[in-house]
Amino acid sequence: MNAVHRPRPAAGRAIAGVSALLLTAAVLAGCAPSSPSDYTGTWTSDHPSGTRLELKDGGQLSGDDGCNTLTGTWSESKGSITFGPLAATQKACPDIDPWLSKAASARSDGDTLNVYDQAGTQIGVLDRT
């Protein structure tokens, strides 16, 4: 008996085409550049000593205002960032200005982060480390 070549059903061709398309999409997605924010990273100041703000991918932040530790959220929009409500410990630290815990927004000038309060007044400056 001779083997008979049967054409592949249309459904089989459709599945093969979809598989090739999905494979191509997966390869291209792996090549797509990620774009982390220019704001992510650690920012510090010596005024007061120990002032630190770490902005993490995903919008989480942690830090220290030279006395109290901070935690909260941040988001980027139109060249600046806005801080969500910041939670801070409540240690009494004489002669320490806890300015960072009053941060509402910030703008970067390269490696400098200018920090503003709710009224839009600049309250401090942090440097990228």
Side-chain angles (χ1 to χ4, degrees):
M1 205 185 235
N2 291 339
V4 177
H5 175 64
R6 297 180 190 225
R8 208 164 143 187
R13 285 191 302 270
I15 290 172
V18 169
S19 295
L21 181 61
L22 290 174
L23 178 60
T24 302
V27 168
L28 290 176
C31 295
S34 62
S35 57
S37 172
D38 289 337
Y39 289 98
T40 57
T42 303
W43 303 83
T44 61
S45 175
D46 290 333
H47 307 287
S49 179
T51 300
R52 176 189 57 82
L53 183 64
E54 183 178 356
L55 302 175
K56 302 171 187 169
D57 285 331
Q60 296 296 312
L61 71 82
S62 62
D64 190 303
D65 66 10
C67 176
N68 292 288
T69 57
L70 308 168
T71 187
T73 60
W74 66 282
S75 61
E76 182 177 0
S77 177
K78 299 177 184 174
S80 65
I81 59 175
T82 302
F83 299 109
L86 298 178
T89 57
Q90 298 294 311
K91 295 185 233 172
C93 301
D95 303 323
I96 298 287
D97 178 9
W99 63 268
L100 188 56
S101 62
K102 299 172 191 158
S105 64
R107 282 191 297 272
S108 172
D109 291 331
D111 288 337
T112 301
L113 189 66
N114 299 297
V115 182
Y116 303 89
D117 66 12
Q118 195 68 28
T121 303
Q122 185 172 4
I123 56 174
V125 176
L126 299 165
D127 298 310
R128 185 182 299 275
T129 58

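On a predicted model such as this, the values are computed, not experimentally measured, just so you know.
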Chemist: Should Y116 and L70 be regarded as members of a common hydrophobic cluster, given that ILVMFWY residues are connected when their side-chain heavy atoms come within less than 4.5 Å of each other, either directly or indirectly?
Modeler: no
Chemist: Per the disulfide bond (SG atoms under 2.5 Å apart) rule, what does the pair list look like for residues 95-129, sequence neighbours excluded?
Modeler: none
Chemist: May I ask whether I123 and V125 are part of the same hydrophobic cluster, defined by side-chain heavy atoms of I, L, V, M, F, W, Y residues being less than 4.5 angstrom apart, directly or through others?
Modeler: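 No, separate clusters.
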Chemist: Just jot down the salt bridge (charged side-chain N to carboxylate O under 4.0 Å, His left out) partners of D117, sequence neighbours excluded, or say none.
Modeler: none
Chemist: Using modelled atom types only, decide if a donor and an acceptor are shared between the side chain of W74 and the backbone of K56 within a distance under 3.5 Å.
Modeler: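 Answer holds: yes.
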Chemist: Let me confirm one number: the OG1-CH2 distance from T51 to W43, rounded to the nearest 0.5 Å.
Modeler: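 Here the rounded value is 15.0 Å.
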Chemist: Please list all pairs meeting disulfide bond (SG atoms under 2.5 Å apart) that have one or both residues in residues 96-129, counting only residues at least two apart or in different chains.
Modeler: none
Chemist: For G72 and L86, which heavy atoms make the closest approach, and how far apart are they?
Modeler: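 Closest approach of G72 to L86: CA-CD2, 4.2 Å.
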Chemist: Can you give the donor-acceptor pairs under 3.5 Å from side chains of residues 77-84 to other protein atoms, not counting sequence neighbours?
Modeler:
unit_1: S80; atom_1: OG; unit_2: S77; atom_2: O; d: 3.4

Chemist: Quick one: list whatever passes side-chain contact (heavy atoms from CB on, under 4.5 Å) with T42, sequence neighbours left out.
Modeler: T44, R52, E54, T129
Chemist: Any side-chain to backbone donor/acceptor pair from Q122 onto G120? Under 3.5 Å, distance only.
Modeler: no
Chemist: Tell me which donor-acceptor pairs under 3.5 Å the side chains of residues 95-105 have, and how far apart each pair is, sequence neighbours excluded?
Modeler:
unit_1: D97; atom_1: OD1; unit_2: W99; atom_2: N; d: 3.4
unit_1: W99; atom_1: NE1; unit_2: H47; atom_2: O; d: 2.8
unit_1: S101; atom_1: OG; unit_2: P98; atom_2: O; d: 2.7

Chemist: Before giving the answer on side-chain contact (heavy atoms from CB on, under 4.5 Å), spell out for L55 and L53 the whole-Å C-alpha distance, their side-chain angles and the decisive distance to 0.1 Å.
Modeler: CA-CA 6 Å; L55 302 175; L53 183 64; 4.0 Å; yes
Chemist: List, one per line, each side-chain donor-acceptor pair under 3.5 Å for residues 59-67, sequence neighbours excluded.
Modeler:
unit_1: D64; atom_1: OD1; unit_2: G66; atom_2: N; d: 2.7
unit_1: D64; atom_1: OD1; unit_2: C67; atom_2: N; d: 3.3
unit_1: D65; atom_1: OD1; unit_2: C67; atom_2: N; d: 2.9
unit_1: D65; atom_1: OD1; unit_2: N68; atom_2: N; d: 2.6

Chemist: For R107, what residues pass the salt bridge (charged side-chain N to carboxylate O under 4.0 Å, His left out) criterion, not counting sequence neighbours?
Modeler: none
Chemist: Filter on disulfide bond (SG atoms under 2.5 Å apart), then keep only pairs touching residues 98-129, sequence neighbours left out; what's left?
Modeler: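 For residues 98-129: none.
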Chemist: Per the salt bridge (Lys or Arg N to Asp or Glu O under 4.0 Å) rule, what does the pair list look like for residues 119-129, sequence neighbours excluded?
Modeler: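 Counting only pairs at least two positions apart or across chains, the salt bridge (Lys or Arg N to Asp or Glu O under 4.0 Å) contacts touching residues 119-129 are D111-R128.
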Chemist: Report the residues that fulfil side chain to side chain donor-acceptor pair (under 3.5 Å) with D109, sequence neighbours left out, ordered by chain and then residue number.
Modeler: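 For D109, the residues satisfying side chain to side chain donor-acceptor pair (under 3.5 Å) (neighbours in sequence not counted) are N114.
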